[in-house]
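Input: a single structure, listed below in structure tokens.
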Amino acid sequence: MADKDILARLEAAIAARRAADPSSSYVASLNAKGLDAILRKIGEEATETVIASKTGEREAIVHETADLWFHCLVMLSWHGVSVADVLGELERREGRSGIDEKASRK
Ligand SMILES: N=c1c2ncn([C@@H]3O[C@H](COP(=O)(O)OP(=O)(O)OP(=O)(O)O)[C@@H](O)[C@H]3O)c2ncn1[C@@H]1O[C@H](COP(=O)(O)O)[C@@H](O)[C@H]1O
């Protein structure tokens, strides 16, 4: 079972690598290319996650979802939004049915 603190460690690693040498850091190279490059990768990885899910191959689903989550963390870091902000939003929604939430918006 993986350690749930990996998200916090990965967030710290991404923050630390943003200003590194792009020739030795993928995070730095992506940041150097700019937000559009980060968003393109999220789009690619989201598509690959969908394809993996359609194949039903467990290993591919895990691999592509990890790629997607990683690139979302790079995007959050770009905007200075923390993992805690996103986890806090999920926590805020905890226990409230999506059906009820949607009905309350009408
Ligand atoms: N978790 C990851 C991680 N997941 C995926 N990737 C990289 O994401 C890239 C894009 O994945 P693709 O499958 O699309 O590969 P690709 O087609 O070669 O990529 P492109 O040419 O399209 O950019 C690959 O180079 C992967 O190695 C990651 N790179 C880094 N990390 C973490 O980030 C930390 C800092 O990394 P560096 O900035 O490289 O030091 C690392 O210690 C890791 O913990």
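We count ligands from 1, going down the list as the structure has it; atoms in each ligand are counted the same way. The shown structure was predicted, so the numbers you read here are calculated from the model rather than taken from an experiment.
Listed as neighbours of ligand 1 are Leu10, Arg17, Ser25, Tyr26, Val27, Lys41, Glu45, Asp67, Phe70, His71, each bearing a heavy atom under 4.0 Å from the ligand.
No more than 12 heavy atoms of other residues, nucleotides or ligands lie within 6.0 Å of CD1 in Ile99, so this atom counts as exposed by the packing criterion. No more than 12 heavy atoms of other residues, nucleotides or ligands sit less than 6.0 Å from atom CZ of Arg58.
Remark: Glu89 pairs with Arg92, Arg93 by the side-chain hydrogen bond (donor to acceptor under 3.5 Å, both in side chains) rule, at least two apart or across chains. For Glu44, the salt bridge (Lys or Arg N to Asp or Glu O under 4.0 Å) partners at least two apart in sequence or on another chain are Lys41.
Applying the ring pair (Phe, Tyr, Trp, His ring centres under 6.0 Å) rule to pairs touching residues 2-35 yields Tyr26-His71, sequence neighbours excluded.
Between the side chain of Ser25 and the main chain of Pro22, no donor-acceptor pair closer than 3.5 Å is present.
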